[in-house]
Amino acid sequence: MTCAEALRLRLPATSANLGAGFDAAAVALDFYLSIEAEAAPEFTIHATGVDADRCEQLRDNLILEIYRRLLEENGRPIVPLRINMANDIPLGMGCGSSAAGRLAAIALADHFGNLGWTDEQILEEASALEGHPDNAAACWMGGYVSTAMQGRRVHVARVTPPAQWRAIVVLPAEPLATSKARAVLPASYSREDVIANLQSVSLLGLAFAQARGDLLKVAMSDRIHQPYRAAICPMLPYILPLAGQEGILGAALSGAGPAVLVIVEQEDRVDGAGAVIRQALKGMPEPKLLVCGFESTGAMKIGAQSPR
């Protein structure tokens, strides 16, 4: 039997890696993919917001492909859906659009296929599809997360980021495929680079947990992926040195890029931080500066009293 009740979801954007936490750490941001879906005679998608034309395509649609596959694999009939979607997460920018889309697809399949999956099963499936658990865990659970995978099992520790911290996501004009960003990484690293990243990431979770903004510049420093991605994420070398100026606590590629995440100590420093970012990027194509906060709740069924 399928579930005929409509489902409304809100899934936050995420920023993974945070410099040293490559494929292990992420934080949820307070802009969202919102979906309302109900059973229908045939599949339709109406999308508004960022990249709406791509979101409402029925062919090569990430959400529909995963939704159909999961129902087939679990022996459930494929229930066509009428989907209304409002998207604020830019695609291909390193803001967790694929994690949000995959989690949405899994939640839809669980709901309309009556799979009865637990949060742990949903997160494991999303992490397996992503290839790493950081974005999926931050999107599903909210807050700052440190993650690890053993086979399919996902281990997560989370904290609520400091309420006063703000983020500026610096968005270039053109997206970047994650596959291209992965392709520039080396096959191996020196012991010195690995040790440097271990030292930084050992501070990262505690900096978020203890509101230690003074540690973020070091905690977000990286020698594993950012040096190799700088050539295809050209804003990064200009923004990284801004830590310590105008309330900027730290900066890093957002996920695989090309967007850059800048963490600011409090709301009244955002304008000044934005000004120095724009000055540092003077002469480059004008970026978009998306000012946001950190999302502590994670994915929600809209109208429900609790997450998911």
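In what follows, every heavy atom counts, from backbone to side chain, and hydrogens, waters and symmetry copies are set aside.
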Original post:
Is Tyr238 atom OH crowded by more than 12 heavy atoms from other residues, nucleotides or ligands, each under 6.0 Å away?
Top reply: no
Original post:
Heavy-atom distance under 4.5 Å between the side chains of Glu267 and Gln164, does that happen here?
Top reply: no
Subject >> Spacing of OH belonging to Tyr32 relative to SG belonging to Cys139, to within rounding of 0.5 Å >> reply: 10.5 Å
Subject >> Check: Asn74 main-chain N/O paired with Arg76 side-chain donor or acceptor under 3.5 Å >> reply: yes
Original post:
Can you hop from Leu261 to Ile89 via hydrophobic side chains spaced under 4.5 Å?
Top reply: yes
Original post:
Should Glu65 and Arg69 be marked as a salt bridge (Lys or Arg N to Asp or Glu O under 4.0 Å) after you check the CA-CA gap, both sets of side-chain angles, and the distance that decides it?
Top reply: CA-CA 6 Å; Glu65 287 177 357; Arg69 180 180 60 78; over 6 Å; no
Subject >> Other residues, nucleotides, ligands: >12 heavy atoms within 6.0 Å of Arg191 CZ >> reply: no
Original post:
Does any non-hydrogen side-chain atom of Thr14 lie less than 4.5 Å from one of Leu29?
Top reply: no
Original post:
Short question: side chain of Asp51, backbone of Arg54 - any donor-acceptor pair under 3.5 Å?
Top reply: no
**OP:** Side-chain contact test, heavy atoms from C-beta onward, threshold under 4.5 Å: evaluate it for Leu215 versus Leu206 and give yes or no.
**Re:** no
Original post:
Are the side chain of Asp110 and the backbone N or O of Trp117 linked by a donor-acceptor pair below 3.5 Å?
Top reply: yes
Original post:
Is there a donor-acceptor pair closer than 3.5 Å between any side-chain N or O of Arg269 and the backbone N or O of Val264?
Top reply: no
Original post:
Is there a donor-acceptor pair closer than 3.5 Å between any side-chain N or O of Thr147 and the backbone N or O of Ala25?
Top reply: no
Subject >> Which atom of Pro175 lies closest to which atom of Leu91, heavy atoms considered >> reply: CB-O, 3.6 Å
**OP:** Working to the nearest 0.5 Å, report the span between CG of Leu249 and CZ of Arg212.
**Re:** 12.0 Å
Name each donor-acceptor pair under 3.5 Å that joins a side chain in residues 92-108 to protein atoms two or more places apart or in another chain, with its distance.
from, atom 1, to, atom 2, distance (Å)
Ser98, OG, Glu130, OE2, 3.0
Arg102, NH1, Glu130, OE2, 2.4

Subject >> Arg182 CZ: over 12 foreign heavy atoms closer than 6.0 Å >> reply: yes
Subject >> Test item: side-chain donor near acceptor, Ser200 and Ser221, under 3.5 Å >> reply: yes
**OP:** Following the transitive rule for hydrophobic clusters with a side-chain heavy-atom cut-off under 4.5 Å over Ile, Leu, Val, Met, Phe, Trp and Tyr, establish whether Val79 and Met85 coincide in one cluster.
**Re:** yes
Original post:
Do Arg82 and Glu36 pass the salt bridge (Lys or Arg N to Asp or Glu O under 4.0 Å) test, and can you show the C-alpha distance, the side-chain angles, and the key distance before you say yes or no?
Top reply: CA-CA 8 Å; Arg82 180 184 300 109; Glu36 181 173 3; over 6 Å; no
Subject >> Same cluster (ILVMFWY, side-chain, under 4.5 Å), Ile35 and Leu58 >> reply: yes
Subject >> Distance, nearest 0.5 Å, that separates CG of Asn84 from CZ of Arg8 >> reply: 10.0 Å
Original post:
Do Asn197 side-chain atoms and Gly21 backbone N/O form a donor-acceptor pair below 3.5 Å?
Top reply: no
Original post:
How many angstroms lie between CD1 in Ile83 and CD in Glu38, if you round to the nearest 0.5 Å?
Top reply: 10.5 Å
**OP:** Using atom types as modelled and distance alone, determine if a side-chain donor or acceptor of Gln121 lies under 3.5 Å from a backbone N or O of Thr118.
**Re:** yes
Subject >> Those residues that, when tested against Phe22, pass ring-ring contact (aromatic ring centres under 6.0 Å, His included) (two or more places apart) >> reply: His225
Subject >> Backbone of Pro162 reached by a side-chain donor or acceptor of Tyr144 within 3.5 Å >> reply: no
**OP:** Considering non-hydrogen atoms only, spot the tightest contact between Phe43 and Ile78 and give its length.
**Re:** CZ-CG2, 3.9 Å
Subject >> Rounded distance (nearest 0.5 Å) linking atom OG of Ser146 with atom CG of Asp134 >> reply: 10.0 Å
**OP:** Give a yes or no on whether the backbone of Glu124 and the side-chain of Ser127 come within a donor-acceptor separation of less than 3.5 Å.
**Re:** no
Original post:
Does atom CD of Glu42 have more than 12 heavy-atom neighbours, drawn from other residues, nucleotides or ligands, at distances under 6.0 Å?
Top reply: no
Original post:
Would you say Glu295's side chain and Ala28's backbone share a donor-acceptor pair under 3.5 angstrom?
Top reply: no
Subject >> Approximate separation, where rounding is to 0.5 Å, of Leu81 CG and Ile45 CD1 >> reply: 9.0 Å
Subject >> Within residues 148-206 or reaching into it, pairs that qualify as ring pair (Phe, Tyr, Trp, His ring centres under 6.0 Å) - sequence neighbours excluded >> reply: Trp165-Phe208
